[in-house]
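Structure first, commentary second.
The figures that follow rest on heavy atoms only: side chains count, while hydrogens, waters and symmetry mates do not.
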Amino acid sequence: MTADTILASLQLSTPEIILAVGALALLMVGVFSGERSGTTVTGLAVALLIISGLWLVLATGEGQAYGGAFVSDPFAKFMKVLALIGSITAMVMTVGHARSEQLDRFEFPVLIVLSTLGMLLMISANSLLSLYLALELQSLALYVVAAINRDSLRSTEAGLKYFVLGALSSGMLLYGMSLVYGFTGHIGFQEIAAALTAEGRSLGLVFGLVFILAGLAFKISAVPFHMWTPDVYEGAPTPVTAFFAAAPKVAAMAMLVRIVIDAFEPVVADWQQVIVFIAIASMLLGAFAAIGQRNIKRLMAYSSIGHMGYALVGLAAGSMAGVRGVALYMLIYMVMTLGTFAIILAMRRKEGGNVEDINDLAGLSSTNPFMATVLTILMFSLAGIPPMAGFFAKYFVFMAAIEAHLYALAIIGVLASVVGAYYYLRIIKVMWFDEPTGEFARTAGELKLVFGLSGLFVVGYVLIGGPIGAAAEAAARTFF
């Protein structure tokens, strides 16, 4: 590599460099300022993520960097902006709960920044090696974050489960990558696609592809690699769960889209079968397993499994409309999820302590009408009821499946949506028709802002959906 190519590479990856250097600087600030620097470091971390996002949108060009291992294109930009918004929002939501959840240590925002750096690198990964390194950077930070409340047995258990199962999935992913490299002789996505076009598929390569998809399915908590999700969602501190449910899912789904549409496009018939199976299994488990849940965080865990299944319906289509549907779905899912978790964080009794039981929402409409109204809007949207944003998210992925003649997949998706609507509507029934069991403490301003904006987006999507859809289409056109 010449000096010019190195400079060009650095320019394309400036947002990531900002986060990497910034994380090290924040670590120094925290170390030298002592234990009381948590709030300062959190504020600086949010500013750092915003600067990185602005640089990404305003000053980052397009092209390949570092010998083709890193790519900057419209799809990468779109998904990176979503990941950054998810990380910023989740970090803002922790401010009021930092002390009670043992998150007021400076290490927490630094780990979130490092995890976000891993996500951005995942989204831009253009080879198997850069993909794995980015994935591990993100995952190692998340393992620590899940268990950051060392005084809580549930939090420690959540972190340990996530680490053990995450290590297993990394092993599967690496084994799949080694098989693909062995049978194609390449690690770059375009080179793998060219080798598959020229030589055709072999049984060993299909095995490698299956192992890679299994490793990535773990990261988006798709069935049958979902087993960590309910326990980690319930056990981790609620602000951490909000982060887990939003930004990492966006990055992992973007990575999955890039690897199947870019690298394995010539063997679409092989990976399409796997994606269809995972999508159906995720939608059905997400719909039926959540029915008996009483803890709202566990319910949201099963809900997220179901929603990843719906997003995979678009990917299974393997078309531009499908990728556009996935990008839109991840945007709308992230907004709905962050809004819902902001309300879960606001479920706090006046006498102290957060509550997580769905029955604790009883009579919320009479004690806090604004919160009840916003949660109702979000539940309707998660259920996919028109004219909420969630309806349009499902509409686009189901239409992409129908255009690709995957009729059975679309029908199962619609039926799973109908079943899933039950547990969302049950929450609405508890809030509006049950007798109040007590009043929640005054809601923090930052939480009110997050769930208020989330509700506004979900209701107003009909009015602003055009430009967002155009941006998603421009992102999808990257591959076609």
Side-chain angles (χ1 to χ4, degrees), residues 86 90 94 97 101-103 105 107-108 111-112 114-116 118-119 122 132 134-176 211-253 255-256 278 281-282 285-286 288-290 292-309 337 341 344-345 354 356-357:
T94 65
H97 290 253
E101 299 277 10
Q102 301 290 307
L103 301 177
R105 296 192 286 270
E107 293 95 334
F108 177 70
L111 287 165
I112 295 288
L114 287 171
S115 176
T116 308
M119 290 176 218
M122 274 164 63
Y132 182 74
L135 187 65
E136 286 306 297
L137 174 60
Q138 181 228 30
S139 298
L140 289 170
L142 290 183
Y143 298 149
V144 182
V145 166
I148 199 161
N149 187 354
R150 289 172 295 182
D151 298 333
S152 165
L153 189 63
R154 282 169 58 191
S155 177
T156 311
E157 183 188 345
L160 185 62
K161 282 181 178 175
Y162 188 41
F163 171 68
V164 171
L165 292 169
L168 174 68
S169 78
S170 290
M172 294 169 74
L173 189 67
L174 263 184
Y175 183 58
F211 273 106
I212 287 174
L213 291 178
L216 297 182
F218 174 89
K219 299 302 176 187
I220 59 168
S221 63
V223 177
F225 307 99
H226 66 286
M227 64 290 284
W228 61 274
T229 315
D231 292 334
V232 173
Y233 272 45
E234 184 183 8
T238 307
V240 173
T241 307
F243 177 66
F244 269 56
K249 293 279 174 71
V250 170
M253 186 62 77
M255 185 171 65
L256 188 56
I278 292 173
S282 300
L285 183 115
F288 287 99
Q293 299 303 321
R294 293 290 173 266
N295 183 293
I296 195 163
K297 282 165 70 177
R298 281 188 84 86
L299 185 140
M300 286 304 294
Y302 285 109
S303 169
S304 82
I305 292 167
H307 281 287
M308 289 304 104
T337 302
F341 272 102
I344 293 171
L345 275 166
N354 271 60
E356 296 173 4
D357 199 284

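The closest donor-acceptor contact from the side chain of Gln138 to the backbone of Ala134 lies at 3.5 Å or more, if one exists at all. Panel note: side chain Ser303, backbone Leu299; no donor-acceptor pair is recorded below 3.5 Å.
When the side chain to side chain donor-acceptor pair (under 3.5 Å) test is applied to Thr229, no partner is found at least two apart in sequence or on another chain. Considering only residues two or more places apart in sequence or on other chains, Tyr175 meets the ring pair (Phe, Tyr, Trp, His ring centres under 6.0 Å) condition with Phe211. Considering only residues two or more places apart in sequence or on other chains, Ala245 meets the side-chain contact (heavy atoms from CB on, under 4.5 Å) condition with Tyr233, Tyr333, Thr337, Phe341. Applying the ring pair (Phe, Tyr, Trp, His ring centres under 6.0 Å) criterion to Phe218, with sequence neighbours excluded, gives Trp228. Legend: residues meeting side-chain contact (heavy atoms from CB on, under 4.5 Å) with Ala222, ordered by chain and number and at least two apart, are Ala217, Ile220, Ile278, Ser282, Leu312. Scored by the side chain to side chain donor-acceptor pair (under 3.5 Å) test, Ser169 finds no partners at all (sequence neighbours excluded). Remark: Leu137 pairs with Leu117, Leu121 by the side-chain contact (heavy atoms from CB on, under 4.5 Å) rule, at least two apart or across chains. Here Tyr132 pairs with nothing under the ring pair (Phe, Tyr, Trp, His ring centres under 6.0 Å) rule; sequence neighbours left out. For Glu356, the salt bridge (charged side-chain N to carboxylate O under 4.0 Å, His left out) partners are Arg154, Lys297, not counting sequence neighbours.
Counting heavy atoms from C-beta outward, Leu256 and Leu213 have side chains that approach closer than 4.5 Å. Using a 4.5 Å cut-off on side-chain heavy atoms (C-beta onward), Met253 and Leu216 make no contact. Side-chain contact check for Pro248 versus Leu142: some heavy-atom pair is nearer than 4.5 Å. Contact check for Phe244 versus Ser304: no side-chain heavy atoms found under the 4.5 Å cut-off.
Taking OH of Tyr162 as the reference point, atom OG of Ser139 lies at 5.0 Å (rounded to 0.5 Å). Rounding to the nearest 0.5 Å gives a distance of 10.0 Å between CG of Leu114 and CG of Leu140. The distance from atom OG1 of Thr241 to atom CD1 of Ile344, rounded to the nearest 0.5 Å, is 8.5 Å. Note: Asn295 CG to Glu234 CD = 4.5 Å, rounded to the nearest 0.5 Å. Interatomic distance, CD1 of Ile212 versus CE of Met255, reported as 10.5 Å (0.5 Å rounding).
Nearest approach of Tyr143 to Ala167, heavy atoms of both residues: OH-N, 3.8 Å. The two residues His226 and Ser221 come nearest to each other via the heavy atoms CB-O, 3.8 Å. Residues Ser155 and Ala146 approach most closely at OG-O, 3.0 Å, considering heavy atoms.
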Walk me through whether Ile296 and Asp357 qualify under side chain to side chain contact (heavy atoms under 4.5 Å, CB included). CA-CA 6 Å; Ile296 195 163; Asp357 199 284; over 6 Å; no
Assess the residue pair Arg105 and Ile148 against the criterion (side chain to side chain contact (heavy atoms under 4.5 Å, CB included)); give the C-alpha distance rounded to whole Å, side-chain angles, the decisive distance to 0.1 Å, and a yes or no. CA-CA 9 Å; Arg105 296 192 286 270; Ile148 199 161; 3.6 Å; yes
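Within the structure, the salt bridge (charged side-chain N to carboxylate O under 4.0 Å, His left out) test picks out no pair touching residues 134-148 (sequence neighbours left out). Here salt bridge (charged side-chain N to carboxylate O under 4.0 Å, His left out) pairs that include residues 235-250, with residues two or more places apart or in two chains, number zero. Evaluation of the salt bridge (charged side-chain N to carboxylate O under 4.0 Å, His left out) test over residues 215-232, restricted to residues two or more places apart or in two chains, returns Lys161-Asp231, Asp231-Arg298.
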